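Proteins get letters first, then strands, A, B, ... in listed order; numbering begins at 1 in each. Remember, predicted model here, so these are calculated numbers, not experimental data.
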Number of protein chains: 2
Amino acid sequence: MNTKDLAYFKELINQKNFSKVADFFGVSQPTITTAIKRLEAEFGSQLVIRDRVHHELTITPSGQQLAEHATSILRELDTAHHEIQNLVQNQIALGLPPIIENYYFPKIAAQLKQQRLLRHILTVEGGSVELRKGLLDGQMDMALLGSIEPLSYQNLIADEFDRHPFYIYVGKTHPLADRKRIFFSELRHEDFVLFENSFVHNQAFNRLTRRNHFRPDVVFRSNDTHMIMKLVAQNVGITYLTDIVDQQADVVRLELMDEERPEFITSIVYRTTHILTPAQQQLLAIMHRILA
Amino acid sequence: MNTKDLAYFKELINQKNFSKVADFFGVSQPTITTAIKRLEAEFGSQLVIRDRVHHELTITPSGQQLAEHATSILRELDTAHHEIQNLVQNQIALGLPPIIENYYFPKIAAQLKQQRLLRHILTVEGGSVELRKGLLDGQMDMALLGSIEPLSYQNLIADEFDRHPFYIYVGKTHPLADRKRIFFSELRHEDFVLFENSFVHNQAFNRLTRRNHFRPDVVFRSNDTHMIMKLVAQNVGITYLTDIVDQQADVVRLELMDEERPEFITSIVYRTTHILTPAQQQLLAIMHRILA
DNA sequence: TGACATTATAAAATATTTTTATAGTAGCTG
DNA sequence: CAGCTACTATAAAAATATTTTATAATGTCA
């Protein structure tokens, strides 16, 4: 069976229009008709109902079922392509969210260079959702991801290598600056400067606000720790961050004393189906040795 | 890309011999040669090394990686075939291990008949390992499985619907027959009649013997509860079973008082990719209503 | 009714896959 | 070392499969 037919079929389900699918793939319209017929013959079941009365195309249960598998098959193929390309170019495509890259990558870079691995590493920056997607379709071989729960995804192996608590950072002249430790509930009336919502930090932060029953005043959001730190230094607000961050001069770090203290968990993640090359195993070993 | 090529490739990895693979598929030998070449061109990488000096065929890393995906793709296709066939025939292929079938199926059969579902259910008997495999490649749409931990498999959804504790069963004239409750550690010197090793029961049993640091005397194993019960009635030994079993007249049931008491968990399991038909949803609903 | 949008069909053209026939390479054996 | 065996590669031809072109069919809608 030709996988092209599955691609046609999937797109037909998207577009629900034979002619448009033909255009989409740059082929003639009968090509799509015959491809769908081939599939229907192969699986011995009607896949779509061409209801020209209501000008609609509906997918039969068989069709929906096949679509599931088609998606999976096409993704698998795509993954294979990416993955093998990385292999051939002797490259490790490593996904890194900016915060993790800033803190962890410099730590291992010297070692990587020494073991002549650095030149084979191609870093790909991105948010955690993006990176997870890129991992699944093979664009990356591995990724470092942050989370507040141990990662557990179908088709991905997550290998935890570090944990960091979150802290409260306040400006040097802030009323709380003398405190060493603090309960989260004491921050009820503070102004916050936080990361953008897509960051893992917010999941942890939201968990604490929910637990302590208050709606925080978030006066500003950024995706740059330096920016956040500068605003904290100027008493624009306080922030909630881990210590894997460059601390500014005019900022004070407070420990949280709450019973539930979310942690920032960093894991190295790769596909369950991915066979680690010697270089990749070396990279894993270095990370475990230096970062754990 | 033609999936046939992937099948040829997978078999080549198995057999490591082009000509034999050709025989296997009933095609000529150059067919395999060209198929592999096609794949190598498509993925831009050598997949196998034809080492005629050492009379060997080795798989390159790219080849191994592709083999992973090929396996997955071919299984997915196979699943689609089975699954759609069941759909077309309007049949629910339901996997049932014998013990579960005996206890649970009669309970729902009347309801199934009333809702005209019974005629659409095709039961497939088998051990839990077998059933899991059959589920994954689409031979069955659903299965009831027993386990002592909540089931958690990649690609399968497990929907727990019942739990039963395990009990100790002893003959009516056995010294322990007067006891209502007992600690497992008290059974250190008893003779046991148990299920064959493949049964879930043994995982629970082994856990308890390990926890209590003794090697049990297993005098006989069977895969038939009635047989086990009869032997218990005759004081050949005692047994460790749930209460989802036909109790014999001359057998007494004792509760276990241990802190850790494994439970027999029954779940209905189906593929994550499986789209439930109305009939299948109906079946699920009946099971939850009657069995939960 | 006629223009339009859509899918189906048949025949021809192309592309792909397989076969047949044969060559090449190396091991093994007498 | 010649000749046989086992294995894979290659080229040309044959067989299949897919796509295109051209056109039909069906129903909408103004």
Original post:
Would you call K107(B) and E101(B) a salt bridge, using N to O less than 4.0 angstrom?
Top reply: no
Original post:
Can you find a heavy atom in the side chain of I157(B) that is under 4.5 Å from one in the side chain of V269(B)?
Top reply: no
**OP:** Could you state the atom-to-atom distance from CG of N2(B) to C1' of dT16(D) in whole Å?
**Re:** 11 Å
Original post:
Starting at OH of Y8(B) and ending at C1' of dT18(C), how long is that distance when rounded to a whole Å?
Top reply: 8 Å
Original post:
Whole-Å distance between dT16(D) P and D5(B) CG?
Top reply: 18 Å
Original post:
Hey, does the side chain of R50(B) come within less than 4.0 Å of dA26(C)'s phosphate (OP1/OP2), counting only N and O?
Top reply: no
Subject >> Distance-only side-chain donor-acceptor flag, H69(B) / E76(A), under 3.5 Å >> reply: yes
Original post:
Does R38(A) put a side-chain nitrogen or oxygen below 4.0 Å from OP1 or OP2 of dT18(D)?
Top reply: yes
**OP:** Might you confirm whether atom NZ of K20(B) has over 12 heavy atoms from other residues, nucleotides or ligands at distances under 6.0 Å?
**Re:** no
Original post:
In terms of side-chain geometry, is the basic nitrogen of E83(B) or R271(B) positioned less than 4.0 Å from the acidic oxygen of its partner?
Top reply: yes
Original post:
Whole Å only: how far is the CD atom of E42(B) from the C1' atom of dT16(C)?
Top reply: 13 Å
Subject >> Separation of dT17(C) P from L39(B) CG (nearest whole Å) >> reply: 10 Å
Original post:
Does any residue of residues 9-35 of chain B have a heavy atom under 4.0 Å from DNA chain C, and if so, which ones, in number order?
Top reply: V27(B), S28(B), P30(B), T31(B), T34(B)
Original post:
In whole angstrom, what separates M1(B)'s CE from dT18(D)'s C1'?
Top reply: 16 Å
**OP:** Report the distance from atom CD1 of I49(A) to atom C1' of dT6(C), rounded to the nearest whole Å.
**Re:** 17 Å
**OP:** Would you mind reading off the distance between I36(B) atom CD1 and dT18(C) atom P, rounded to a whole angstrom?
**Re:** 11 Å
**OP:** Determine, for E11(B) against K4(B), whether the closest basic-nitrogen to carboxylate-oxygen distance falls under 4.0 angstrom.
**Re:** no
